[in-house]
Amino acid sequence: MNAIVALCHFCELHGPRTLFCTEVLHSPLPQGASSGDISGQNEQAEEEEGGIQMSSRIRSHSPAEGASADSSSPGPKKSDMCEASGCRSLAGGHPGYVSHDKETSIKYVSHQHPNHPQLFSIVRQACVRSLSCEVCPGREGPIFFGDEQHGFVFSHTFFIKDSLARGFQRWYSIITIMMDRIYLINSWPFLLGKIRGIIDELQGKALKVFEAEQYGCPQRAQRMNTAFTPFLHQRNGNAARSLTSLTNDENLWACLHTSFAWLLKACGSRLTEKLLEGAPTEDTLVQMEKLADLKEESEGWDGSEEEEKPSSQPDVVEGQELSKCSPETSLMPDCNSWNVAHRRLSVFRSLRHMRQVLGASAFRMLAWHVLMGNQVIWKARDMDLVQSAFDVLRTMLPVGCVRIIPYSDQYEEAYRCNFLGLSPHVQIPSHILSSEFAVLVEVRSATRSSLYPALFDDEQSLNKYEFVVTSGSPVAADRVGPTILNKIEAALTNQNLSVDVVDQCLVCLKEEWMNKVKVLFKFTKVDSRPKEDTQKLLSILGAAEEDNVKLLKFWMTGLSKTYKSHLMSTVRSPTSSESRN
């Protein structure tokens with residue numbers, strides 16, 4: 001866990017002071033600190049706790065740990081330190097403690113103050129606030145405070161018995177500082193329990209020392225018999241004793257280092273990220289409904305074979321594709337006349353690939369008609385090419401808005417399909433060609449002069465075609481268009497995004513706008529609000545423009561039956577309950 005745990009003390013002479021802190025270092029120690037910087041002191045204690053090899057090897061603070069070698073290194077001035085050891089944890093020449101986590105190659109370093117100037121300032125401010133203004137009622141207990149600039153702090157204040165202190169107790173706090181507010185709040189129960197255990201152990205040791213001192217020389221009676229002295233003189237002559245003296249534990253700082261290091265290790269490993277499945281999307285609901293309809297239809301057959309449909313009525317596929325290669329159709333190319341391996345290359349791979357092949361302006365026109373729900377007609381000999389185009393274009397729409405006739409030998413009306421594949425010889429009615437609600441893509445054999453060099457491997461098989469996109473209502477280049485179209489184009493032109501990332505962007509964009517569709521459906525169809533209120537709602541949704549309104553109305557047809565029935569049932573239930581009453 002990227003955090004700092006510190007023990008703080010309120011000195012009666014200098015105010016809040018940091019006594020001891022433990023921080024996490026992810027960078028390796030410098031080479032010179034491996035042997036030459038390790039002093040020859042006798043204590044070489046190694047113990048295992050929580051998976052960390054606790055090595056209380058003493059080492060010197062080197063610049064690689066974040067400290068600067070000049071005189072501007074952080075830390076309190078010497079004049080601010082108590083003459084006694086109340087404001088000190090480690091002696092002046094004490095190099096500190098290091099624990100090595102062999103599993104993660106992380107080092108836990110303990111000393112009196114952080115060596116990095118910025119960390120020293122953050123810890124110093126948290127120390128002051130924890131022992132001055134940020135305290136809970138009774139001045140003892142946990143509290144949370146902080147901000148984005150100086151970090152967030154979990155602080156637990158407590159008292160330690162001291163027979164020589166005013167009121168017979170000293171004020172301390174243990175603070176945990178990190179920049180991740182959510183992580184720290186989620187760790188509150190864990191930190192509270194573990195830090196409370198450390199505090200109980202310190203208070204228990206100090207209480208034994210206090211009771212022994214009171215038994216030998218009761219301070220209360222002695223103070224009552226002592227002549228009155230001015231407060232300032234009494235305060236200056238009553239410097240705080242060290243925590244090791246109050247607890248009678250010479251190994252106190254090594255034990256605290258072990259506890260703080262384990263706390264950082266355990267708190268960092270106890271929380272893991274998990275991918276949780278939320279509510280099903282509208283696409284998922286529509287697909288589930290279609291599967292249920294197919295299952296119900298198959299059960300109704302009772303084992304009988306499905307009757308063949310006449311060739312003049314091609315299959316309409318909603319939310320899935322179905323290709324037909326019928327030998328009876330004279331208008332269809334002979335499937336065996338094509339080289340299968342070659343035909344597999346003559347397809348569109350992605351929206352980005354299609355945009356590169358068609359060109360930016362032609363693709364924008366085509367995408368605009370797709371998003372508006374207008375009929376998209378492709379005329380080509382290569383049925384695989386047409387189907388690959390539909391597979392790519394349908395990714396811009398919700399599943400419930402997709403109605404495909406992959407390949408037909410006659411024109412089909414727009415109410416039956418919004419994606420229609422036709423043979424080149426099929427005649428399209430003139431009113432359709434001039435209609436603003438349809439777009440035609442004709443795939444022709446490219447002449448030698450129109451052949452272009454292939455920029456990508458995928459284009460090598462498509463440069464033999466010429467794609468002509470026409471419509472009765474061409475989209476002007478300066479037209480703003482629906483918001484989602486602009487975002488799709490921005491994702492496609494961003495070469496830093498891979499095809500997979502663009503696909504995920506499309507999923508997120510569709511879900512975002514389907515949520516707006518749900519709000520509009522509830523507002524207009526269920527609640528029957530007036531037109532003025534609907535316009536205000538569209539402004540709030542950021543969809544008040546004409547193209548955005550058309551898109552929302554078309555996408556409303558793709559809502560699942562489950563969602564619609566759920567809304568209608570929730571609206572009818574209060575009325576029915578009132579009628580029963």
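At most 12 non-hydrogen atoms from other residues, nucleotides or ligands lie less than 6.0 angstrom from NZ of Lys553. In Lys194, the NZ atom is not crowded: 12 or fewer heavy atoms of neighbouring residues, nucleotides or ligands sit closer than 6.0 Å.
A distance-only check finds a donor-acceptor pair linking the side chain of Ser560 to the backbone of Tyr563 [under 3.5 Å]. Judged purely by atom type and a 3.5 angstrom limit, Asn374 has no side-chain atom pairing as donor or acceptor with the backbone of Val439. Judged by distance alone, the side chain of Asn548 and the main-chain N or O of Thr483 form a donor-acceptor pair under 3.5 Å. Lys379 places no side-chain N or O within donor-acceptor distance of the main-chain N or O of Leu440, the cut-off being under 3.5 Å. Remark: side-chain polar atoms of Lys550 are not paired, donor with acceptor, to backbone N or O of Gly373 under 3.5 angstrom. Under the 3.5 Å distance criterion, the side-chain polar atoms of Glu289 are matched with a main-chain donor or acceptor of Lys561. With hydrogens and angles ignored, the 3.5 Å screen pairs no side-chain donor or acceptor of Ser121 with any backbone N or O of Pro117. Side-chain N or O atoms of Thr557 include one that pairs as donor or acceptor with a backbone N or O of Phe554 at under 3.5 Å. When atom types are taken as modelled, the side chain of Asn186 and the backbone of Ile182 share a donor-acceptor pair closer than 3.5 angstrom. Between the side chain of Arg352 and the backbone N or O of Ser498, no donor-acceptor pair lies under 3.5 Å.
Between Leu263 and Thr22, the closest side-chain pair of non-hydrogen atoms is not below 4.5 Å. Side-chain atoms of Asp409 and Ser423, non-hydrogen and from C-beta on, never get closer than 4.5 Å to each other. Side chains of Leu520 and Thr534 form a contact here, defined as non-hydrogen atoms less than 4.5 Å apart. Residues Leu371 and Ile484 have side chains in contact (heavy-atom distance under 4.5 Å, counting atoms from C-beta outward). Between Phe419 and Pro406 the shortest side-chain heavy-atom distance does not fall below 4.5 Å. Using a 4.5 Å heavy-atom cutoff, the side chains of Leu538 and Gln535 are in contact. Within the 4.5 Å cutoff, the side chain of Glu23 has no heavy atoms near those of the Val123 side chain. You'll find the side chain of Val426 stays beyond 4.5 Å of the side chain of Ser408, heavy atoms only.
Glu148 and Met179 make their closest contact through O-CE, 3.1 Å (heavy atoms, listed as atom of the first residue, atom of the second, distance). Closest approach of Pro114 and Leu119 over heavy atoms only: CB-CB, 3.8 Å. Contact detail for Pro482 and Leu551: the closest heavy-atom pair is CB-CD1, 4.0 Å. The two residues Cys401 and Asn418 make their nearest non-hydrogen contact at O-ND2, 2.9 Å. Nearest heavy atom pair, residue Phe145 against residue Ala126, reads CZ-O, 3.9 Å.
Remark: Ile488 CD1 to Arg355 CZ distance equals 11.5 Å, nearest 0.5 Å. Taking CG of Asp147 as the reference point, atom CZ of Arg181 lies at 11.5 Å (rounded to 0.5 Å). For the atom pair OG1 of Thr176 and CG of Leu264, the computed distance is 7.5 Å after rounding to the nearest 0.5 Å. Leu366 CG to Ser361 OG: the interatomic distance, rounded to the nearest 0.5 Å, is 11.5 Å. With rounding to the nearest 0.5 Å, the separation of CD in Gln356 from CZ in Phe363 is 10.5 Å. The SG atom of Cys505 sits 10.5 Å away from atom NZ of Lys487, with the distance rounded to the nearest 0.5 Å.
The residues Lys536 and Glu532 are annotated as not salt-bridged, no charged nitrogen and carboxylate oxygen being separated by less than 4.0 angstrom.
Geometric assessment of Lys516 against the ring of Trp513 yields a positive cation-pi assignment under the 6.0 Å and 45° thresholds. For the pair Lys265 and Tyr108, the cation does not sit on the ring face, since its NZ or CZ is not both under 6.0 Å from the ring centre and inside 45° of the axis.
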Working note: Tyr411 + Gln375, criterion side chain to side chain contact (heavy atoms under 4.5 Å, CB included); need CA distance, chi angles, decisive distance, verdict.
CA-CA 11 Å; Tyr411 172 77; Gln375 190 175 40; 2.7 Å; yes
How far apart are the C-alpha atoms of Phe467 and Leu385, what are their side-chain angles, what is the distance that settles it, and do they pass the side chain to side chain contact (heavy atoms under 4.5 Å, CB included) test?
CA-CA 12 Å; Phe467 299 88; Leu385 176 64; 4.1 Å; yes
Run the numbers on Leu420 and Glu413 for side chain to side chain contact (heavy atoms under 4.5 Å, CB included), then give the verdict.
CA-CA 9 Å; Leu420 175 62; Glu413 295 293 338; over 6 Å; no
Given side chain to side chain contact (heavy atoms under 4.5 Å, CB included), test Lys518 with Asn515 step by step and report yes or no.
CA-CA 5 Å; Lys518 292 178 182 179; Asn515 288 334; 4.2 Å; yes
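Using cut-offs of 30° and 60° on the angle between ring planes, the pair Trp188 and Phe154 is perpendicular. Ring geometry for Phe390 against Trp378 counts as perpendicular: the plane angle is over 60°, on a 0 to 90° scale with 30° as the lower cut.
Residues Glu412 and Gln410 have side chains that bring a donor and an acceptor to within less than 3.5 angstrom of each other.
Considering Val392, Val386, Asp391 in turn, Val392 is the only one that fulfils the side chain to side chain contact (heavy atoms under 4.5 Å, CB included) rule with Phe348.
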